[in-house]
There are 2 protein chains.
Amino acid sequence: MVDKSFGSPSYRPLYDQIKVLLTQSLIGGEWRPGDMIPSEIELAQRYKVSQGTVRKAIDSLATENILIRRQGKGTFVATHNQDDVRLRFLRLTAESGQKELLQNEFLSCVKSKANVHTGKVLEIKAGATTIEVKRLLTFSGRPLIYDYIVVPAAPFKGLNRAKVEESNGSMYSMYESQFGIRMIRAEERIKAVAASAEVASSLGLKEGYPLLSVERVSFTYGDRPMEWRLGFCLTDDHHYMSELE
Amino acid sequence: MVDKSFGSPSYRPLYDQIKVLLTQSLIGGEWRPGDMIPSEIELAQRYKVSQGTVRKAIDSLATENILIRRQGKGTFVATHNQDDVRLRFLRLTAESGQKELLQNEFLSCVKSKANVHTGKVLEIKAGATTIEVKRLLTFSGRPLIYDYIVVPAAPFKGLNRAKVEESNGSMYSMYESQFGIRMIRAEERIKAVAASAEVASSLGLKEGYPLLSVERVSFTYGDRPMEWRLGFCLTDDHHYMSELE
DNA sequence: GAGTGGTCTAGACCACCAA
DNA sequence: TGGTGGTCTAGACCACTCA
(Lines give C-alpha, C1' and ligand atoms only; values in the text may rest on other atoms or scores of the structure.)
Protein backbone atom coordinates (compact mmCIF):
# COMPACT_ATOMS: atom_id res chain seq x y z
CA MET A 1 0.00 0.00 0.00
CA VAL A 2 1.07 3.54 -0.55
CA ASP A 3 2.76 5.57 2.16
CA LYS A 4 1.40 9.06 2.70
CA SER A 5 3.63 9.87 5.65
CA PHE A 6 5.31 13.23 5.37
CA GLY A 7 8.52 14.23 7.01
CA SER A 8 9.80 10.67 6.81
CA PRO A 9 13.49 10.33 5.98
CA SER A 10 12.75 8.72 2.60
CA TYR A 11 9.98 11.07 1.53
CA ARG A 12 8.64 10.42 -1.94
CA PRO A 13 5.61 12.10 -3.46
CA LEU A 14 2.52 9.92 -3.64
CA TYR A 15 2.28 10.21 -7.43
CA ASP A 16 5.83 8.93 -7.65
CA GLN A 17 4.90 5.84 -5.64
CA ILE A 18 1.87 5.33 -7.88
CA LYS A 19 4.15 5.61 -10.89
CA VAL A 20 6.30 2.80 -9.51
CA LEU A 21 3.23 0.63 -8.93
CA LEU A 22 2.03 1.25 -12.48
CA THR A 23 5.47 0.41 -13.84
CA GLN A 24 5.48 -2.82 -11.87
CA SER A 25 2.18 -3.81 -13.45
CA LEU A 26 3.76 -3.14 -16.84
CA ILE A 27 6.86 -5.20 -16.06
CA GLY A 28 4.74 -8.00 -14.59
CA GLY A 29 2.67 -8.16 -17.73
CA GLU A 30 -0.67 -7.29 -16.13
CA TRP A 31 -1.11 -4.86 -19.02
CA ARG A 32 0.66 -5.68 -22.27
CA PRO A 33 1.63 -3.40 -25.18
CA GLY A 34 -1.52 -2.11 -26.86
CA ASP A 35 -3.78 -2.93 -23.88
CA MET A 36 -6.04 -0.36 -22.28
CA ILE A 37 -5.26 0.12 -18.60
CA PRO A 38 -8.02 0.74 -16.01
CA SER A 39 -9.58 4.19 -15.91
CA GLU A 40 -8.18 6.90 -13.67
CA ILE A 41 -11.14 6.53 -11.32
CA GLU A 42 -10.63 2.78 -10.96
CA LEU A 43 -6.91 3.20 -10.32
CA ALA A 44 -7.62 5.93 -7.76
CA GLN A 45 -9.88 3.50 -5.89
CA ARG A 46 -7.38 0.66 -6.16
CA TYR A 47 -4.52 2.71 -4.73
CA LYS A 48 -6.74 4.72 -2.36
CA VAL A 49 -5.63 8.12 -3.61
CA SER A 50 -7.43 10.90 -5.45
CA GLN A 51 -7.93 10.88 -9.19
CA GLY A 52 -5.63 13.88 -9.53
CA THR A 53 -2.74 11.98 -8.03
CA VAL A 54 -3.20 9.03 -10.40
CA ARG A 55 -3.42 11.60 -13.19
CA LYS A 56 -0.06 13.03 -12.35
CA ALA A 57 1.55 9.59 -12.33
CA ILE A 58 0.01 8.73 -15.69
CA ASP A 59 1.02 12.12 -17.10
CA SER A 60 4.60 11.36 -16.25
CA LEU A 61 4.51 7.93 -17.90
CA ALA A 62 2.79 9.44 -20.93
CA THR A 63 5.53 12.04 -21.49
CA GLU A 64 8.03 9.17 -21.37
CA ASN A 65 6.08 7.45 -24.17
CA ILE A 66 5.34 4.50 -21.92
CA LEU A 67 1.59 5.09 -21.82
CA ILE A 68 -0.62 6.84 -24.36
CA ARG A 69 -3.72 8.80 -23.40
CA ARG A 70 -6.66 9.00 -25.78
CA GLN A 71 -9.39 11.36 -24.75
CA GLY A 72 -12.80 9.71 -24.71
CA LYS A 73 -11.28 6.23 -25.09
CA GLY A 74 -8.87 5.49 -22.29
CA THR A 75 -5.18 5.11 -21.49
CA PHE A 76 -3.15 2.50 -23.37
CA VAL A 77 0.21 0.80 -23.07
CA ALA A 78 2.44 2.18 -25.82
CA THR A 79 3.62 -0.20 -28.51
CA HIS A 80 5.90 -0.26 -31.54
CA ASN A 81 3.23 -2.27 -33.39
CA GLN A 82 1.50 0.68 -34.98
CA ASP A 83 2.31 2.18 -38.31
CA ASP A 84 2.80 5.66 -36.89
CA VAL A 85 5.42 4.62 -34.33
CA ARG A 86 6.93 1.50 -35.91
CA LEU A 87 10.13 3.38 -36.69
CA ARG A 88 10.12 5.73 -33.74
CA PHE A 89 13.85 5.38 -33.16
CA LEU A 90 14.89 5.75 -36.79
CA ARG A 91 16.26 9.27 -37.16
CA LEU A 92 17.53 8.96 -40.71
CA THR A 93 15.47 10.88 -43.23
CA ALA A 94 15.90 11.75 -46.88
CA GLU A 95 17.31 15.17 -47.74
CA SER A 96 14.24 15.69 -49.89
CA GLY A 97 11.95 14.92 -46.96
CA GLN A 98 10.16 12.24 -49.00
CA LYS A 99 8.80 9.12 -47.39
CA GLU A 100 10.59 5.98 -48.45
CA LEU A 101 9.91 2.28 -48.61
CA LEU A 102 12.03 0.59 -45.99
CA GLN A 103 13.13 -3.02 -46.37
CA ASN A 104 15.17 -5.51 -44.47
CA GLU A 105 17.87 -7.68 -46.02
CA PHE A 106 19.02 -10.50 -43.78
CA LEU A 107 22.75 -11.17 -43.64
CA SER A 108 23.39 -13.47 -40.67
CA CYS A 109 22.25 -14.58 -37.23
CA VAL A 110 24.62 -16.50 -34.96
CA LYS A 111 25.12 -17.38 -31.30
CA SER A 112 28.15 -15.77 -29.72
CA LYS A 113 29.67 -14.62 -26.43
CA ALA A 114 29.56 -11.12 -25.00
CA ASN A 115 32.89 -9.33 -25.16
CA VAL A 116 34.02 -6.85 -22.53
CA HIS A 117 32.24 -3.94 -24.17
CA THR A 118 28.88 -5.53 -24.99
CA GLY A 119 28.90 -7.30 -21.65
CA LYS A 120 29.31 -4.01 -19.90
CA VAL A 121 26.66 -2.05 -21.77
CA LEU A 122 24.15 -4.94 -21.64
CA GLU A 123 24.95 -5.52 -17.96
CA ILE A 124 25.72 -9.21 -18.46
CA LYS A 125 28.91 -11.14 -17.77
CA ALA A 126 31.59 -11.00 -20.45
CA GLY A 127 31.35 -14.47 -21.97
CA ALA A 128 27.60 -14.83 -21.46
CA THR A 129 25.76 -16.11 -24.50
CA THR A 130 24.45 -13.54 -26.95
CA ILE A 131 22.76 -13.54 -30.32
CA GLU A 132 24.32 -11.48 -33.09
CA VAL A 133 22.36 -10.34 -36.11
CA LYS A 134 23.66 -8.62 -39.19
CA ARG A 135 21.31 -7.05 -41.66
CA LEU A 136 21.03 -4.41 -44.33
CA LEU A 137 18.33 -1.75 -44.39
CA THR A 138 17.36 -0.55 -47.83
CA PHE A 139 15.54 2.71 -48.50
CA SER A 140 13.48 2.56 -51.68
CA GLY A 141 15.60 -0.38 -52.79
CA ARG A 142 18.99 1.18 -52.07
CA PRO A 143 21.05 -0.25 -49.19
CA LEU A 144 21.86 2.60 -46.78
CA ILE A 145 22.41 1.06 -43.35
CA TYR A 146 24.54 -1.89 -42.31
CA ASP A 147 23.40 -3.01 -38.85
CA TYR A 148 25.22 -5.22 -36.39
CA ILE A 149 22.90 -6.11 -33.50
CA VAL A 150 23.72 -7.91 -30.26
CA VAL A 151 21.16 -9.07 -27.67
CA PRO A 152 21.50 -11.33 -24.63
CA ALA A 153 20.47 -14.89 -25.59
CA ALA A 154 18.38 -15.68 -22.51
CA PRO A 155 15.44 -13.30 -22.92
CA PHE A 156 15.54 -13.67 -26.71
CA LYS A 157 15.62 -17.48 -26.84
CA GLY A 158 14.43 -18.59 -30.27
CA LEU A 159 15.47 -15.50 -32.18
CA ASN A 160 16.44 -16.66 -35.67
CA ARG A 161 16.60 -15.77 -39.33
CA ALA A 162 12.86 -16.23 -39.88
CA LYS A 163 11.93 -13.85 -37.08
CA VAL A 164 14.37 -11.21 -38.30
CA GLU A 165 12.98 -11.44 -41.81
CA GLU A 166 9.40 -11.28 -40.58
CA SER A 167 10.22 -8.13 -38.62
CA ASN A 168 10.46 -6.29 -41.92
CA GLY A 169 12.59 -3.45 -40.66
CA SER A 170 11.36 -2.92 -37.14
CA MET A 171 13.17 -5.19 -34.71
CA TYR A 172 11.38 -3.47 -31.83
CA SER A 173 7.97 -4.39 -33.12
CA MET A 174 9.19 -7.98 -33.44
CA TYR A 175 10.71 -8.00 -29.93
CA GLU A 176 7.31 -7.04 -28.56
CA SER A 177 5.19 -9.58 -30.36
CA GLN A 178 7.70 -12.44 -30.19
CA PHE A 179 9.32 -11.92 -26.79
CA GLY A 180 7.09 -9.47 -24.93
CA ILE A 181 9.99 -7.08 -24.54
CA ARG A 182 9.25 -3.43 -25.10
CA MET A 183 11.98 -0.82 -25.59
CA ILE A 184 11.14 2.54 -24.11
CA ARG A 185 14.22 4.61 -24.87
CA ALA A 186 17.69 4.48 -26.39
CA GLU A 187 21.01 6.29 -26.32
CA GLU A 188 23.07 6.83 -29.44
CA ARG A 189 26.72 7.75 -29.87
CA ILE A 190 27.53 9.06 -33.31
CA LYS A 191 30.82 9.37 -35.15
CA ALA A 192 32.11 9.80 -38.68
CA VAL A 193 34.23 6.86 -39.82
CA ALA A 194 35.80 5.41 -42.95
CA ALA A 195 33.98 2.35 -44.33
CA SER A 196 35.64 -0.99 -43.58
CA ALA A 197 36.01 -3.57 -46.34
CA GLU A 198 33.08 -5.66 -45.11
CA VAL A 199 30.68 -2.76 -44.70
CA ALA A 200 31.81 -1.08 -47.92
CA SER A 201 31.10 -4.18 -49.98
CA SER A 202 27.68 -4.64 -48.40
CA LEU A 203 26.70 -1.06 -49.17
CA GLY A 204 28.35 -1.06 -52.58
CA LEU A 205 30.97 1.56 -51.74
CA LYS A 206 34.71 1.95 -51.88
CA GLU A 207 36.60 1.14 -48.72
CA GLY A 208 37.30 4.33 -46.76
CA TYR A 209 34.13 6.10 -47.83
CA PRO A 210 32.81 8.40 -45.02
CA LEU A 211 29.94 6.80 -43.10
CA LEU A 212 27.93 7.72 -40.04
CA SER A 213 28.68 5.26 -37.23
CA VAL A 214 25.74 5.02 -34.83
CA GLU A 215 26.18 3.00 -31.65
CA ARG A 216 22.92 2.43 -29.83
CA VAL A 217 21.92 0.94 -26.49
CA SER A 218 18.18 0.35 -26.00
CA PHE A 219 16.43 0.08 -22.66
CA THR A 220 13.27 -1.66 -21.54
CA TYR A 221 11.10 -0.92 -18.49
CA GLY A 222 13.13 0.01 -15.43
CA ASP A 223 15.99 1.28 -17.62
CA ARG A 224 17.40 -2.20 -18.15
CA PRO A 225 19.62 -2.37 -21.27
CA MET A 226 18.46 -5.11 -23.67
CA GLU A 227 20.02 -4.44 -27.04
CA TRP A 228 23.27 -3.09 -28.38
CA ARG A 229 23.74 -2.22 -31.99
CA LEU A 230 26.24 -0.61 -34.28
CA GLY A 231 24.98 0.86 -37.52
CA PHE A 232 26.88 2.30 -40.47
CA CYS A 233 24.83 4.73 -42.53
CA LEU A 234 25.46 6.20 -45.93
CA THR A 235 24.44 9.86 -45.62
CA ASP A 236 24.97 11.22 -49.11
CA ASP A 237 21.28 11.87 -49.66
CA HIS A 238 20.11 11.46 -46.07
CA HIS A 239 20.72 13.02 -42.70
CA TYR A 240 20.34 12.12 -39.05
CA MET A 241 17.84 14.40 -37.34
CA SER A 242 18.41 15.57 -33.78
CA GLU A 243 16.36 17.99 -31.69
CA LEU A 244 18.09 20.00 -28.98
CA GLU A 245 15.95 21.25 -26.13
CA MET B 1 -8.06 39.43 -20.77
CA VAL B 2 -8.37 35.70 -20.85
CA ASP B 3 -11.33 33.97 -22.46
CA LYS B 4 -12.96 31.26 -20.40
CA SER B 5 -15.77 30.57 -22.87
CA PHE B 6 -16.23 26.91 -23.62
CA GLY B 7 -17.75 25.49 -26.73
CA SER B 8 -16.47 28.41 -28.78
CA PRO B 9 -15.21 27.53 -32.25
CA SER B 10 -11.61 28.39 -31.33
CA TYR B 11 -11.51 26.71 -27.94
CA ARG B 12 -8.14 26.83 -26.20
CA PRO B 13 -7.48 25.78 -22.64
CA LEU B 14 -7.01 28.63 -20.18
CA TYR B 15 -3.52 27.52 -19.22
CA ASP B 16 -2.58 27.66 -22.88
CA GLN B 17 -3.72 31.26 -23.10
CA ILE B 18 -1.76 32.05 -19.92
CA LYS B 19 1.27 30.43 -21.52
CA VAL B 20 0.96 32.76 -24.48
CA LEU B 21 0.70 35.78 -22.18
CA LEU B 22 3.79 34.70 -20.25
CA THR B 23 5.68 34.17 -23.52
CA GLN B 24 4.68 37.67 -24.64
CA SER B 25 6.13 39.12 -21.45
CA LEU B 26 9.35 37.23 -22.20
CA ILE B 27 9.49 38.47 -25.80
CA GLY B 28 8.63 42.01 -24.72
CA GLY B 29 11.47 41.99 -22.24
CA GLU B 30 9.37 42.48 -19.11
CA TRP B 31 11.40 39.65 -17.59
CA ARG B 32 14.91 39.12 -18.93
CA PRO B 33 17.17 36.03 -18.80
CA GLY B 34 18.08 35.31 -15.19
CA ASP B 35 15.24 37.42 -13.73
CA MET B 36 12.76 36.05 -11.23
CA ILE B 37 9.21 36.28 -12.51
CA PRO B 38 6.25 37.10 -10.19
CA SER B 39 5.03 34.36 -7.87
CA GLU B 40 2.27 31.99 -8.94
CA ILE B 41 -0.18 33.73 -6.61
CA GLU B 42 0.59 37.16 -8.06
CA LEU B 43 0.24 35.88 -11.61
CA ALA B 44 -3.04 34.18 -10.73
CA GLN B 45 -4.38 37.51 -9.50
CA ARG B 46 -3.07 39.38 -12.51
CA TYR B 47 -4.70 37.03 -15.00
CA LYS B 48 -7.77 36.35 -12.83
CA VAL B 49 -7.40 32.58 -12.84
CA SER B 50 -6.62 30.05 -10.13
CA GLN B 51 -3.09 29.31 -8.99
CA GLY B 52 -3.37 25.78 -10.40
CA THR B 53 -3.96 27.12 -13.89
CA VAL B 54 -0.94 29.42 -13.74
CA ARG B 55 0.99 26.41 -12.42
CA LYS B 56 0.14 24.34 -15.44
CA ALA B 57 1.25 27.12 -17.81
CA ILE B 58 4.55 27.52 -15.96
CA ASP B 59 5.04 23.74 -15.84
CA SER B 60 4.82 23.64 -19.60
CA LEU B 61 7.36 26.46 -20.05
CA ALA B 62 9.63 24.80 -17.50
CA THR B 63 9.72 21.49 -19.39
CA GLU B 64 10.68 23.47 -22.49
CA ASN B 65 13.62 24.94 -20.57
CA ILE B 66 12.22 28.44 -20.97
CA LEU B 67 11.57 28.94 -17.26
CA ILE B 68 13.27 27.33 -14.28
CA ARG B 69 11.50 26.60 -11.01
CA ARG B 70 13.41 26.66 -7.75
CA GLN B 71 11.47 25.50 -4.74
CA GLY B 72 11.53 28.01 -1.92
CA LYS B 73 13.03 30.71 -4.15
CA GLY B 74 10.84 31.42 -7.13
CA THR B 75 10.57 30.90 -10.88
CA PHE B 76 13.29 32.31 -13.10
CA VAL B 77 13.83 33.01 -16.78
CA ALA B 78 16.29 30.45 -18.09
CA THR B 79 19.65 31.69 -19.32
CA HIS B 80 22.78 30.37 -21.02
CA ASN B 81 24.84 32.53 -18.64
CA GLN B 82 25.38 29.87 -16.03
CA ASP B 83 28.21 27.41 -15.89
CA ASP B 84 25.92 24.41 -15.76
CA VAL B 85 24.03 25.29 -18.94
CA ARG B 86 26.54 27.38 -20.88
CA LEU B 87 27.09 24.56 -23.34
CA ARG B 88 23.62 23.09 -23.24
CA PHE B 89 23.52 22.54 -27.00
CA LEU B 90 26.98 21.01 -27.30
CA ARG B 91 26.50 17.27 -27.73
CA LEU B 92 30.10 16.35 -28.44
CA THR B 93 31.80 14.52 -25.58
CA ALA B 94 35.08 12.71 -25.17
CA GLU B 95 35.09 8.93 -25.56
CA SER B 96 36.70 8.77 -22.13
CA GLY B 97 33.90 10.83 -20.61
CA GLN B 98 36.42 13.31 -19.21
CA LYS B 99 35.61 16.99 -18.91
CA GLU B 100 37.65 19.16 -21.22
CA LEU B 101 38.76 22.75 -21.42
CA LEU B 102 36.93 24.37 -24.30
CA GLN B 103 38.40 27.33 -26.16
CA ASN B 104 37.46 29.55 -29.03
CA GLU B 105 39.82 30.44 -31.88
CA PHE B 106 38.57 33.29 -34.03
CA LEU B 107 38.99 32.92 -37.78
CA SER B 108 36.85 35.59 -39.44
CA CYS B 109 33.75 37.77 -39.20
CA VAL B 110 32.33 39.44 -42.28
CA LYS B 111 29.12 40.99 -43.57
CA SER B 112 27.47 39.07 -46.36
CA LYS B 113 24.16 38.39 -48.09
CA ALA B 114 21.81 35.50 -47.37
CA ASN B 115 21.76 32.89 -50.11
CA VAL B 116 18.67 30.91 -51.01
CA HIS B 117 19.27 28.29 -48.34
CA THR B 118 20.18 30.51 -45.37
CA GLY B 119 17.47 32.96 -46.37
CA LYS B 120 14.94 30.19 -46.27
CA VAL B 121 15.92 28.67 -42.94
CA LEU B 122 16.35 32.07 -41.26
CA GLU B 123 13.08 33.29 -42.78
CA ILE B 124 14.65 36.39 -44.31
CA LYS B 125 14.83 37.45 -47.96
CA ALA B 126 17.61 35.93 -50.05
CA GLY B 127 19.99 38.85 -50.41
CA ALA B 128 19.25 40.35 -46.97
CA THR B 129 22.35 41.31 -45.01
CA THR B 130 23.85 38.68 -42.74
CA ILE B 131 26.92 38.34 -40.57
CA GLU B 132 29.15 35.32 -41.12
CA VAL B 133 31.51 34.07 -38.45
CA LYS B 134 34.12 31.36 -38.79
CA ARG B 135 35.82 29.96 -35.74
CA LEU B 136 37.58 26.93 -34.39
CA LEU B 137 36.65 25.19 -31.16
CA THR B 138 39.50 23.51 -29.38
CA PHE B 139 39.07 20.81 -26.74
CA SER B 140 41.95 20.76 -24.27
CA GLY B 141 44.03 22.63 -26.82
CA ARG B 142 43.24 20.42 -29.81
CA PRO B 143 41.08 21.88 -32.60
CA LEU B 144 38.07 19.60 -33.09
CA ILE B 145 35.28 21.70 -34.56
CA TYR B 146 35.31 24.12 -37.47
CA ASP B 147 32.20 26.31 -37.23
CA TYR B 148 30.64 28.45 -39.92
CA ILE B 149 27.92 30.62 -38.39
CA VAL B 150 25.38 32.86 -40.14
CA VAL B 151 23.00 35.26 -38.41
CA PRO B 152 20.74 38.02 -39.76
CA ALA B 153 22.54 41.37 -39.47
CA ALA B 154 19.63 43.43 -38.18
CA PRO B 155 19.07 41.94 -34.71
CA PHE B 156 22.81 41.33 -34.27
CA LYS B 157 23.99 44.82 -35.26
CA GLY B 158 27.45 45.36 -33.82
CA LEU B 159 28.53 41.72 -33.75
CA ASN B 160 32.27 41.70 -34.40
CA ARG B 161 35.54 39.95 -33.71
CA ALA B 162 35.84 41.27 -30.17
CA LYS B 163 32.41 39.98 -29.17
CA VAL B 164 33.08 36.56 -30.66
CA GLU B 165 36.39 36.31 -28.81
CA GLU B 166 34.83 37.45 -25.54
CA SER B 167 32.15 34.76 -25.89
CA ASN B 168 34.81 32.18 -25.15
CA GLY B 169 33.02 29.26 -26.70
CA SER B 170 29.40 29.97 -25.96
CA MET B 171 27.90 32.16 -28.64
CA TYR B 172 24.50 31.77 -27.00
CA SER B 173 25.64 33.25 -23.75
CA MET B 174 27.07 36.18 -25.73
CA TYR B 175 23.86 36.61 -27.77
CA GLU B 176 21.95 37.00 -24.51
CA SER B 177 24.17 39.51 -22.79
CA GLN B 178 25.04 41.52 -25.91
CA PHE B 179 21.82 41.41 -27.91
CA GLY B 180 19.13 40.21 -25.50
CA ILE B 181 18.39 37.26 -27.76
CA ARG B 182 17.83 33.93 -26.08
CA MET B 183 17.84 30.63 -27.98
CA ILE B 184 15.42 28.10 -26.61
CA ARG B 185 15.85 25.14 -28.92
CA ALA B 186 17.68 23.94 -32.02
CA GLU B 187 17.42 21.35 -34.78
CA GLU B 188 20.46 19.52 -36.10
CA ARG B 189 20.95 17.54 -39.31
CA ILE B 190 23.95 15.28 -39.21
CA LYS B 191 25.95 13.63 -41.98
CA ALA B 192 29.33 12.03 -42.51
CA VAL B 193 31.43 13.89 -45.05
CA ALA B 194 34.97 14.04 -46.39
CA ALA B 195 36.95 17.06 -45.15
CA SER B 196 37.33 19.90 -47.66
CA ALA B 197 40.72 21.53 -48.19
CA GLU B 198 39.84 24.60 -46.09
CA VAL B 199 38.42 22.63 -43.16
CA ALA B 200 41.15 19.99 -43.30
CA SER B 201 43.90 22.57 -43.03
CA SER B 202 42.19 24.33 -40.12
CA LEU B 203 41.83 21.09 -38.21
CA GLY B 204 45.26 19.81 -39.22
CA LEU B 205 43.98 16.84 -41.24
CA LYS B 206 44.37 15.40 -44.69
CA GLU B 207 41.75 16.41 -47.22
CA GLY B 208 39.08 13.71 -47.45
CA TYR B 209 39.28 12.68 -43.81
CA PRO B 210 35.84 11.59 -42.45
CA LEU B 211 34.17 14.34 -40.42
CA LEU B 212 30.80 14.79 -38.80
CA SER B 213 28.87 17.54 -40.56
CA VAL B 214 26.37 19.17 -38.21
CA GLU B 215 23.92 21.69 -39.66
CA ARG B 216 22.04 23.56 -36.96
CA VAL B 217 19.15 26.03 -36.90
CA SER B 218 18.50 27.73 -33.55
CA PHE B 219 15.21 29.28 -32.48
CA THR B 220 14.32 32.05 -30.07
CA TYR B 221 10.98 32.69 -28.33
CA GLY B 222 8.02 32.00 -30.55
CA ASP B 223 10.04 29.51 -32.61
CA ARG B 224 11.64 32.22 -34.72
CA PRO B 225 14.89 31.02 -36.37
CA MET B 226 17.81 33.31 -35.50
CA GLU B 227 21.00 31.43 -36.30
CA TRP B 228 22.20 28.96 -38.87
CA ARG B 229 25.46 27.14 -38.50
CA LEU B 230 27.43 24.39 -40.13
CA GLY B 231 29.99 22.58 -38.03
CA PHE B 232 32.61 20.03 -39.01
CA CYS B 233 33.72 17.80 -36.13
CA LEU B 234 36.63 15.46 -35.81
CA THR B 235 35.21 12.41 -34.02
CA ASP B 236 38.23 10.15 -33.62
CA ASP B 237 38.20 10.43 -29.83
CA HIS B 238 34.79 12.02 -29.40
CA HIS B 239 31.19 11.22 -30.18
CA TYR B 240 27.93 13.06 -30.64
CA MET B 241 25.43 12.01 -27.99
CA SER B 242 21.74 11.62 -28.82
CA GLU B 243 18.88 10.44 -26.62
CA LEU B 244 15.90 8.76 -28.25
CA GLU B 245 12.62 8.88 -26.38
C1' DG C 1 8.61 33.44 10.36
C1' DA C 2 7.33 34.83 5.86
C1' DG C 3 7.36 33.71 1.18
C1' DT C 4 8.10 30.58 -2.51
C1' DG C 5 7.12 26.39 -5.10
C1' DG C 6 5.24 21.32 -4.46
C1' DT C 7 1.71 17.97 -3.17
C1' DC C 8 -2.87 16.26 -2.41
C1' DT C 9 -7.72 16.40 -2.24
C1' DA C 10 -12.72 16.93 -3.71
C1' DG C 11 -15.82 18.41 -6.77
C1' DA C 12 -17.83 20.61 -10.89
C1' DC C 13 -18.01 20.73 -15.53
C1' DC C 14 -16.24 20.27 -20.61
C1' DA C 15 -14.60 17.59 -24.76
C1' DC C 16 -14.35 13.43 -27.10
C1' DC C 17 -15.71 8.75 -28.41
C1' DA C 18 -18.53 4.64 -29.05
C1' DA C 19 -22.60 2.25 -29.00
C1' DT D 1 -26.28 8.25 -23.28
C1' DG D 2 -22.59 6.78 -20.50
C1' DG D 3 -17.77 6.42 -19.96
C1' DT D 4 -13.22 8.24 -20.68
C1' DG D 5 -9.75 11.71 -20.34
C1' DG D 6 -9.12 17.10 -19.89
C1' DT D 7 -9.77 21.54 -17.52
C1' DC D 8 -10.52 24.57 -13.72
C1' DT D 9 -11.25 25.81 -9.09
C1' DA D 10 -10.54 26.39 -3.95
C1' DG D 11 -8.36 25.14 -0.09
C1' DA D 12 -5.24 22.66 3.10
C1' DC D 13 -0.89 21.47 4.10
C1' DC D 14 4.27 20.18 3.17
C1' DA D 15 9.16 21.29 1.72
C1' DC D 16 12.59 24.52 0.85
C1' DT D 17 15.07 29.07 1.27
C1' DC D 18 16.51 33.14 3.37
C1' DA D 19 16.61 36.87 6.47
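What you are looking at is a predicted structure, and each value in this text was computed from that prediction instead of being measured. Proteins come first, then strands; the chains are lettered A, B, ... in the order of their sequence lines, and each starts at number 1.
Here A:S50 does not reach the OP1 or OP2 of C:dA10: none of its side-chain N or O atoms lies under 4.0 Å away. For the pair B:R69 and C:dT4, the criterion of a side-chain N or O lying under 4.0 Å from OP1 or OP2 is not met. Look at A:T53 and you'll find a side-chain N or O under 4.0 angstrom from OP1 or OP2 of C:dT9. For A:R70 and D:dT4, the shortest distance from a side-chain N or O to OP1 or OP2 is not below 4.0 Å.
Atom CZ in B:F76 sits roughly 16 Å away from atom P in C:dG3 (whole-Å rounding). A:E40 has its CD atom 12 Å from the C1' atom of D:dT7, to the nearest Å. Straight-line distance from the CZ atom of B:R55 to the C1' atom of D:dC14: 12 Å, rounded to whole Å. Atoms OH (B:Y11) and P (D:dT7) sit 6 Å apart, rounded to a whole Å. Atom CG of A:L14 and atom P of C:dA10 are 12 Å apart (whole Å). Summarising the geometry, the separation between CG on A:L67 and P on D:dT4 is reported as 16 Å, rounded to the nearest angstrom. Counting to the nearest Å, the C1' atom of C:dT9 and the NZ atom of A:K56 are 13 Å from each other. The distance between atom CE of A:M36 and atom P of D:dG3, rounded to the nearest whole Å, is 12 Å.
Rounding to the nearest 0.5 angstrom, the gap separating the NZ atom in A:K19 from the CG atom in A:D59 is 10.5 Å. Within the model, atoms NE2 of A:H80 and OG of A:S177 stand 11.0 Å from one another, a figure rounded to the nearest 0.5 Å.
Look at A:E165 and A:K163 and you find no salt bridge, because none of the NZ, NE, NH1 or NH2 atoms lies under 4.0 Å from a carboxylate O. Salt bridge annotation for B:D16-B:K56: absent, with no cationic side-chain nitrogen under 4.0 angstrom from a carboxylate oxygen.
Ranking C:dT4, D:dC8, D:dT4 by closeness to the B:E42 side chain, first place goes to C:dT4. Checked against C:dC8, D:dC16, D:dG5, the side chain of B:Q71 finds its nearest nucleotide in D:dC16. Out of D:dC18, D:dG5, C:dT7, the shortest distance to the side chain of B:K73 is found at D:dC18.
A:I184 is not listed as a side-chain neighbour of A:E64, based on a closest heavy-atom distance of 4.5 Å or more.
For A:G52 and A:G72, each mapped to the nucleotide of DNA chain C holding its nearest heavy atom, the one lying further toward the 5' end belongs to A:G52.
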